[in-house]
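The block underneath contains the structure these notes are about, expressed in structure tokens.
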Amino acid sequence: MYEQLFLLRNYEDRIYYMFLEGIMPGTIHQSQGQEACAVGVLFDVRKEDYMTSTHRPAGHCLAKGVSLESMMCEMFAKANGCCKGKGGAMHTGDISVGAIPAVAITAGGMPVAIGAGLSCKMRKTDNVVICFFGDGASNEGAFHESMNAAAIWNLPVVFVCENNLYGASTHINQVIKIKDLAERAAAYGMPGYVADGNDVLAVNKAANEAIDRARKGKGPTLLELKTYRRCGHSRNDACGYRDKQEEKEWFEKDPVARCKNYILQQQLAAPVELEAIEKKVLQQIDDAVAFAKASPSPEPQDALLHVYA
Amino acid sequence: MYEQLFLLRNYEDRIYYMFLEGIMPGTIHQSQGQEACAVGVLFDVRKEDYMTSTHRPAGHCLAKGVSLESMMCEMFAKANGCCKGKGGAMHTGDISVGAIPAVAITAGGMPVAIGAGLSCKMRKTDNVVICFFGDGASNEGAFHESMNAAAIWNLPVVFVCENNLYGASTHINQVIKIKDLAERAAAYGMPGYVADGNDVLAVNKAANEAIDRARKGKGPTLLELKTYRRCGHSRNDACGYRDKQEEKEWFEKDPVARCKNYILQQQLAAPVELEAIEKKVLQQIDDAVAFAKASPSPEPQDALLHVYA
Amino acid sequence: MATLSIAEALREAIREEMRRDERVFCLGEDIDIEGGFGGAFTVTLGLSKEFGHERILDTPISEIMIAGAAVGAAMTGMIPIADVQYGDFLFCMMDQLANNAAKMTYMSGGTVKVPMVMRAPVGATTRGAQHAQSLEGFFTHIPGLKIICPSTAYDAKGLLKTAIRDNNPVVVFEHKLLYGSKGNRAEKAALSPVGEVPDEEYLIPFGEGVIRREGKDITIVANLLMVYRAMEAADILEKEGISVEVIDPRTLVPFDYELVIHSIRKTSRLMIVEEDTKRNGWGAEVAAQIAEDALYYLDAPIVRVAGYDVPVPFAPVMENYVVPSASRIAEAARKLMKS
Amino acid sequence: MATLSIAEALREAIREEMRRDERVFCLGEDIDIEGGFGGAFTVTLGLSKEFGHERILDTPISEIMIAGAAVGAAMTGMIPIADVQYGDFLFCMMDQLANNAAKMTYMSGGTVKVPMVMRAPVGATTRGAQHAQSLEGFFTHIPGLKIICPSTAYDAKGLLKTAIRDNNPVVVFEHKLLYGSKGNRAEKAALSPVGEVPDEEYLIPFGEGVIRREGKDITIVANLLMVYRAMEAADILEKEGISVEVIDPRTLVPFDYELVIHSIRKTSRLMIVEEDTKRNGWGAEVAAQIAEDALYYLDAPIVRVAGYDVPVPFAPVMENYVVPSASRIAEAARKLMKS
Ligand SMILES: Cc1ncc(C[n+]2csc(CCOP(=O)(O)OP(=O)(O)O)c2C)c(N)n1
Ligand SMILES: Cc1ncc(C[n+]2csc(CCOP(=O)(O)OP(=O)(O)O)c2C)c(N)n1
Ligand SMILES: [Mg+2]
Ligand SMILES: [Mg+2]
């Protein structure tokens, strides 16, 4: 798990730097600080399980097994990106590993998860669907319609709300009146739980219970993970709307550092082992960047392909 | 109150017969059996209070004070209908008495109620908004977004869910997993109550409490009224999807008869007094029909007017 | 040969495809509740008897979910046929259709496919403005969708079967007045375009229009109910010595320009008739395309007879005024012959 | 005279109207959170300082509610200015806009009015298909709405003020690359169409286009960013001896056909340039209308240069290919001169 956390963090940091350098097109929505959510939830899922994601999909996709190279190529708008340069950051995905291309419409991926859940059920598989969304998304109509459908049809869907306290610049307390978003599950007759989204083990445990229920045909769960963005909402966001004290407190709960400390404290691995892992990951990222830079761009006219399957 | 209940019932029955006779154009969605909801909720509201309604608006509109003649004329597609023959049954309303033209999109009137609530609040009036919708509507995204907005902005909106057990042919238990729709209020931090929708006094009491809260700036309420349609969902609906035992039980709880019995039992009025009221109402309906029949149709080219204000 | 109404033909298409392919299923509101309606216009009536309620899935009133679920199911190995009771409600699911269904294949660089069908009844039937719209023009404007509009039982069955087998999202516009005039849910003003439908299986390819009537003076391109109105107008005009060729494009995306151009080379006059409102209706595109590619074949302006640019009014006298009638078409044709 | 960017001009229009009329208020996501963005493109930045958070109302991420609340507030005595961060999200609120906002006045027989403004940024800016669309063609197809698309700071202020005072729902399409190229939220590829804006109050009536450049060989009608691309193309073509007249209609509904017809009587050639996808874009309607009413003034086919009929691709090389460029326009003009 630490390897994955470290990968997510450094992949996104690297993207960020390249973005600042101006060598990367488009826009970015990053998830540094939220890595434990993606890794904890997805660590034990199968390749055949599906996942829907959001405008902030990089962590989810890496954790679901989308190849680092193909993601990096997509970020560089290359022809061999996971979406052939057609999708871009906000639509990252790879259906061959169950990562449905991300939907950048807030909560717009949630009804899609219902369809994937129906599909898993109707085809009589025991695969499940992980549906990621944010705190802000929970105020969309699509959230409501999806939650209710999953509940009444007892679908194998795990709804994972990464509550990072903000929807863009808006604090969640300004747009809901309840304490925990997990409470909303009750409105659908669905179980709802809260977990510490910065503790990868806690996330993993809560997620695995929900996944297990779903796999066994016992229906959906809403899992609210309390977490925080270390980065801005999108590029060029200095987070002027956030309280500095709040930032400080959350930054101290960094999920990557926390996992590392835990491993070292519990002596689950020696420092050198972790260093070796880190070195390997950084090398992988370097390689991916080099590979992406060397990869061919699509031809302009390729824009006309793939409108229809 | 009894006069109103009797009016609503007989207005709709009369429409129904004329519809069967084939002298009335369009389609109808009637609310016989649900009269206590409209009457009980609206009995004490002001003309300046607003109301939003649904595809089944006749009872709401009569109870809100839309004139019988203008509604009858609208049903006959006449030029002096409350919507000049442009709206029809599903868009009945009259803004001059606070009845916002009904929205026939399920739950589509709910966000409109939010706007009216904002307006009441921003203009610093103490008027309130009554927002009618059905059990089926509570599964629409528009419901969710509206409920949440009313809660966080503490709007003077009373959400009235007439739970008549069916959305068209679909039983509510097939499309929700919870017992009472009122439970959904909790998801927004809003109070939610259930009342017997076939008991006009119970409805009136519950509604007045909610209205009072709203008027005093204490925010919105969700009020679920348990009730039942005596009629089909729309024209030509024999209700083959309903359990006959269920129908029987509910028909025994008829809100109009119940109110009448109550009045007689409590000796609040003598039978002759009620008869006089009934006679008066039936005469009013006769007059309205005669008036509507004698009223002029719009000219075909009038279709081109009123696209813009 | 069986003689079927359009509603029956659509039902048979669904039945055959569901028998053929396990992945096909239907979802929508009230599509086959026991004792219920079989969808707003009976198309799916009784199918749950054969296929069960899992494959004929009655949903809550949740249009965003219905469309999104269709997209998600389609991407993951199923072939959903989703239903809205009235086309007007497509607006409630517009985001899922326009932003997801239509774009998923493209955004994924062709790595996913979205084989789904979205069925929607259109047309004005004295129900007022929110149950009356013809929405073709909105959907022809969305790259990534295919749009079909069958006007006969034969076409309904053949085109719907093709739609179900297509690997892309297909929107089917069906006209309320063409489903058939029998049964207790039939519309008062309904036509009865029952038609012969072969017993053997057949598919109709997209992008092939048909000439409903041959003529030499004016080409009229019309869809759905307007095909019948145009035919009526052609009868009237024939008596006046004006010979009208009526083309039913059958599918709007892709569109059979070849057939239209072939026809106007002969007639040198083009009229487009649609029930959808005129400004930016699908007819605008056809007119624009012809004005771009085949202007020199024309001897006269391209005329569109369409719904006036107003919401649909309730009163029948006004509704009849707004929706193109045979006499309005005929009048426009006479004028066109003089210009 | 002040020199303003379009973002500033829009902000000034809102500010002046809010000062003038208490009923005017703004709502939308992130429109003026303390320390935040002032809307996705800074238009409402800082307005809450003057008007407070009740009149500059930050909403949850609930597009159905935002649009519906605007409709409800407008019908009950307020004048809301609603905001979506990207035009693409209009699809999420389409039902409220198409079925309620546009139809309420009509359905009520003219007894209610809906004086609301819906602001939406459009245009491709390498964000991928769901943050890139130009949606004019969908909205010109809805009777009951008015559609404006300012391309200069002067127009932005004058038209928005008129929109706020109009008694009907007005959709304002603003182009992301035209807001201005300063500030940390500016787009990389942004143009900088700052312009002189008078200090005195002024309003610009709807339905009056302007000639951005006079010419005699070809009339180009273009909106938003395409006005600038057309002007660039005109520069190129001038050197080749082709004289282009560029018309910016400024409002699409109502549309200034008179100006266009006046121009083609001189040039006898018409080209329409839009960023929106071609099939059923607003240009289709303009072409169709001219082919119907003014065909005889033309010596050549009506040409449309538009976004190709594909979702907007992410990769800049592909995006640049899809969105009409000056050279694509120039090329089409050369061809048109030969036909
Ligand atoms: C329908 C829609 N509305 C608005 C946006 C713009 N937008 C993008 S991300 C975002 C905030 C989402 O908040 P949340 O769901 O909490 O996710 P987070 O960004 O915190 O990961 C907004 C408003 C959008 N993409 N789609
Ligand atoms: C968006 C939308 N979807 C579907 C319909 C079709 N429809 C009309 S009424 C109705 C049932 C509504 O049920 P409920 O909200 O319980 O109200 P009731 O009819 O029981 O009064 C349906 C599905 C509609 N009008 N609008
Ligand atoms: Mg968030
Ligand atoms: Mg109901």
Side-chain angles (χ1 to χ4, degrees), chain A residues 50 52 74 79-88 90-96 98 100-105 107-123 125 127 129 131 140-150 152-153 155 298 302-303 305-309, chain C residues 22-25 27 52-55 57-80 82 92-93 95-96 98-116 142-146 166-170 206 253-254:
Chain A
Y50 290 108
T52 62
E74 190 65 26
N80 52 355
C82 55
C83 301
K84 309 280 196 295
K86 288 237 165 74
M90 286 198 273
H91 304 298
T92 309
D94 179 350
I95 194 88
S96 73
I100 291 176
V103 173
I105 302 294
M110 299 187 72
V112 174
I114 297 306
L118 274 174
S119 170
C120 290
K121 194 177 167 191
M122 293 175 81
R123 289 184 290 120
T125 71
N127 296 326
V129 183
C131 172
E140 288 276 20
F143 162 89
H144 179 68
E145 298 188 10
S146 305
M147 291 285 290
N148 188 57
I152 61 169
W153 293 329
L155 297 181
D302 290 348
L305 305 175
H306 304 311
V307 180
Y308 294 102
Chain C
E22 288 210 313
R23 296 171 304 169
V24 181
F25 74 104
L27 76 168
H53 286 289
E54 194 166 82
R55 290 181 72 196
L57 186 62
D58 286 296
T59 67
I61 312 178
S62 303
E63 285 78 16
I64 303 172
M65 184 279 292
I66 292 170
V71 175
M75 284 197 293
T76 57
M78 302 295 290
I79 302 177
C92 297
M93 39 168 82
D95 168 58
Q96 288 296 329
N99 282 329
N100 283 354
K103 296 181 173 50
M104 272 291 175
T105 295
Y106 191 82
M107 294 193 304
S108 72
T111 57
V112 307
K113 56 182 162 58
V114 188
M116 64 176 270
I142 304 175
L145 301 180
K146 298 185 180 181
D166 198 290
N167 270 329
N168 299 284
V170 179
F206 291 173
V253 177

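We name chains A, B, ... by the order of the sequence lines, and we start the count at 1 in each one.
Here the side chain of A/S119 pairs a donor or acceptor atom with the backbone of C/T76 at under 3.5 angstrom. Judged by distance alone, the side chain of A/Y308 and the main-chain N or O of C/P143 form no donor-acceptor pair under 3.5 Å. Between the C/N100 side chain and the A/G108 main chain, a donor and an acceptor come within less than 3.5 Å of each other.
Contact count versus chain A (heavy atoms, under 4.5 Å) is highest, among C/A102, C/P169, C/G144, C/G110, for C/G144. With chain A as the partner, the residue from C/G77, C/A70, C/P115, C/P60 showing the most heavy-atom pairs under 4.5 Å is C/P60. Chosen from C/A67, C/A73, C/P80, the residue pairing most often with chain A at heavy-atom distances under 4.5 Å is C/A73. Note: C/E54 leads C/K113, C/E63, C/E54 in heavy-atom pairs under 4.5 Å with chain A. When each of A/A309, A/G88, A/P101 is scored by its heavy-atom pairs under 4.5 Å with chain C, the top score falls to A/A309. Put simply, of A/M122, A/H91, A/K84, the one with the most heavy-atom pairs under 4.5 Å next to chain C is A/M122. Heavy-atom pairs under 4.5 Å with chain A were tallied for C/T105, C/T59, C/L27, C/N167; the largest tally goes to C/T105.
Contacts of A/L305 with chain C are made by backbone atoms alone, with heavy-atom separations under 4.5 Å and no side-chain atom involved. Only the side chain of C/L57 comes within contact range of chain A, judged by heavy atoms closer than 4.5 Å. Residue contact with chain C, scored on non-hydrogen atoms closer than 4.5 Å, involves the side chain of A/N148 exclusively. When heavy atoms are compared at a cutoff of 4.5 Å, A/A303 approaches chain C by way of both its backbone and its side chain. A/C82 touches chain C through its backbone: at least one of N, CA, C or O sits under 4.5 Å from a heavy atom, while the side chain does not. Contacts between C/R55 and chain A at a heavy-atom distance below 4.5 Å involve backbone atoms as well as side-chain atoms.
For C/E22, the CD atom is loosely surrounded, since the number of other residues' heavy atoms within 6.0 Å does not exceed 12.
Taken from CD1 in A/I114 to OG in C/S62, the straight-line distance is 10.0 Å, to the nearest 0.5 Å.
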Practice problem: Please lay out, stage by stage, how C/Q96 and A/I105 fare under the test side chain to side chain contact (heavy atoms under 4.5 Å, CB included). | Solution: CA-CA 9 Å; C/Q96 288 296 329; A/I105 302 294; over 6 Å; no

Quiz item: Would C/T111 and A/H306 count as a side chain to side chain contact (heavy atoms under 4.5 Å, CB included) if you check the C-alpha gap in whole Å, the side-chain angles of each, and the deciding distance to 0.1 Å?
Solution: CA-CA 9 Å; C/T111 57; A/H306 304 311; over 6 Å; no

Practice problem: Begin with the C-alpha distance, continue with both residues' side-chain angles, and end with the deciding distance and a verdict on side chain to side chain contact (heavy atoms under 4.5 Å, CB included) for A/L118 and C/M78. | Solution: CA-CA 9 Å; A/L118 274 174; C/M78 302 295 290; over 6 Å; no

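For the pair A/E145 and C/M65, the tightest heavy-atom approach, listed with the atom from each and the gap, is OE1-N, 2.9 Å.
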